[in-house]
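This is a predicted model, so every value here is computed, not measured. Chain letters run A, B, ... following the sequence lines, proteins first, then strands; residues in each count from 1.
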Amino acid sequence: MSRTVLVTGVSRPPGMELARRLWAAPGIDRVIGVDLTSPPDDLGDVEFVRADIRSPVIAKVVEATDIETVVHLGTLQPPSGPGRGASGREIALIGTMQLLAACQRAASVRRFILQSSTAVYGSTAHDPALFTEDMTPASPPPGGRSRDIFEMESYVRGFTRRRPDVSTTVLRLAHLAGPTADTALTRHLRLPVVPTVFGFDPRLQFLHIDDAVEVLATATLAPRPAARIPPGRAAGADEIGAPAEAPPDGVAAAPVSAPLPAGTVRAGRAQAGRPIVYNIAGEGAVYLSQAIRRLGRPALPVPAPLLPYVRALVGKGGELPPISELTYGRVTDTTRMRTELGFQPRYSTAAALAAMDGDPDG
Amino acid sequence: MAEPTGAALALPEKWDRRLAGALRFVRRRIGGEYEVDEFGFDPDLTDTVLIPLLRPLYEKYFRVDVSGMHHVPDAGAGLVVANHAGTIPIDSLMTQLAIHDHHPTHRHLRLLAADLVFKLPVTAHLARKAGHTLACNEDVDRLLGAGELVGVWPEGFKGIGKRFSQRYQLQRFGRGGFVAAALRHGAPIVPVAIVGSEEIYPLIGDVPPVAKVLGLPYVPVTPTFPWLGPLGAIPLPSKWMIDFGPPIPTEEYADQVDDPMVVFELTNQVRETIQHMLYRLLVKRGGAFGS
């Protein structure tokens, strides 16, 4: 069976890496990369389409190429450069809507993989020690990045309800780390003096950028979860794990409870009309103070309201990570990633952090 | 109390070792080379700094007498339930220290704390490192599931914030969430009575408008605070006693977790047990500021 995969945000390093990795994988014969800007490197056999996913052009791309799987890199935006600030958020949100609209109409689409972030849980004093995938807040976090990600995931939930035949996976990635990771938090941690919120020490979880690419590839290449309900039966079909009558793509459909052949990855709690969600993070957690010490930098605790100003004094601008994250932090439970997705990151939180000890620019 | 120290001759060597240990600790801390668990518990910091800081308060200032320690399970999940008093929750820290110092396996009691603890600067910084976590079902389940010894003060702010005139009268025990959690895990409930905490800051008044502005449950007025300023924040040196009672098994109710009547009855049983233990212990102690 041949598969065509569409990867959005392909011009950023993790996107390029993922597209190449997917092209080399057996069972995939075409990889199409989409982005606003051309990739800085040669993508090899990956076909590049320069398109704005906020425009209807994306629908034409999806239709014309018989896309089977869409991998949407939702939050891997660099904190500065073209995808920065308000316009970057707009690209992420409007782009996701357009892309989902295109996918909803394309019958060829069978799978949708959203790269999301654990920021969707927000950060407050009322947080449990660990978030599990089911603890998605009922109401959106008050604002900023968490809210954007919450909205993006809610669009994807809506899409999954309308297309229950598409198997949708949401990967909530922890803070990225590693030599090439470039996020608001890594920029903050690379400052010569790291301002922190006085009296608070958030707990953080990191994911090495190589593991981020790897888990996206794993989710894309995993066998399609069985027991999806074909489109015709979507209305009123509430039964969980009902066997599909006519598996449309040749994948053997079986009830979820059926024993899986040895070696297959049991891809999550397959349930029609709902995305399968995984928290993805390296093992363990560190305190911010601990992270700063391990990176060999001095910390500078200041009262929260002064943080943006102090940050402006020590660093050359750039976006400050959300103050709520620097105050309360967040740790997620990754049991489901290990047991159901069958993914084990190569780098623990500590190792991912240690690998960050270098300048991303050279 | 403290173990009998060796002869005076052994002292220099002991101090040598202590100094070397302290230096190793400082090096670990500066390099960030220590591990914390998924709740943020930092045993290195707790054992080396936090507990030694509290120990003089426990041994010399409040002269805590502990009894019934054999009722605390040596291993596996357990739920320690105690009365709450004293305007600020020093009693829970003293219980944590009692178990750490006097239990044969030196277990760390994992305290469940109100979200206020995690909202205020400095306490937020230290609470998780000392092994405390938010009092919510998810965290209790996770801790008990991991076989930890969990400490809960079900009276909450109603307990520590009650007036001095109501001392040693147990307040309402929340909604029984802690009992339900113990039932789910078959964890024994160890009732604990703490005497002495009521006298450290005799609460005679509250300033609700100020409390509202500051987002606090109450602003304490004691005979010395705020009249004497920071001096008034020094707790009175009352005599403390902590008594651990026989554990109440919960395994037999394992299939009745969803029955609210069972949960209510068990909650009441725990509450009455602690109240009786308190009365007995009060009589045993005698004067609040004796020795």
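Taking B:Cys136, B:Ala124, B:Gly31 one by one and counting their heavy-atom pairs under 4.5 Å with chain A, the maximum is reached by B:Gly31. Among B:Leu143, B:Thr123, B:Val122, B:Leu116, the residue making the largest number of heavy-atom pairs under 4.5 Å with chain A is B:Val122. Taking chain A as the reference chain and counting heavy-atom pairs below 4.5 Å, the highest number among B:Glu138, B:Glu35, B:Arg29, B:Arg142 is found for B:Arg142.
The part of A:Arg203 that comes within reach of chain B is its side chain, from C-beta onward, which places non-hydrogen atoms under 4.5 angstrom from that chain. Heavy atoms closer than 4.5 Å to chain A are found in both the backbone and the side chain of B:Glu38. B:Leu134 touches chain A through its side chain: at least one heavy atom from C-beta onward sits under 4.5 Å away, while N, CA, C and O do not. Heavy-atom distances place no part of B:Leu126 under 4.5 Å from chain A, backbone and side chain included. B:Arg128 touches chain A through backbone and side chain together, each having a heavy atom under 4.5 Å away. Residue A:Thr327 does not touch chain B at all, counting heavy-atom pairs closer than 4.5 Å.
Atom OG1 of B:Thr250 is separated from atom CD of B:Gln256 by 11.5 Å, given to the nearest 0.5 angstrom.
Using cut-offs of 30° and 60° on the angle between ring planes, the pair B:Phe157 and B:Tyr218 is perpendicular. Ring geometry, A:Tyr121 versus A:Phe131: the interplanar angle falls under 30°, so the pair is classed parallel (tilted spans 30 to 60°). Relative orientation of the B:His100 and B:His108 rings is tilted, given thresholds of 30° and 60° on the angle between their planes.
Applying the 6.0 Å contact sphere to CG of B:Asp255 captures more than 12 heavy atoms from other residues, nucleotides or ligands.
Remark: B:Lys129 is positioned above the aromatic ring of A:Tyr287, its terminal NZ or CZ atom under 6.0 angstrom from the ring centre and at most 45 degrees off the axis.
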query = Between A:Ile323 and A:Leu307, is a side chain to side chain contact (heavy atoms under 4.5 Å, CB included) present by the stated rule, with each step listed?
reply = CA-CA 8 Å; A:Ile323 289 187; A:Leu307 198 59; 4.1 Å; yes

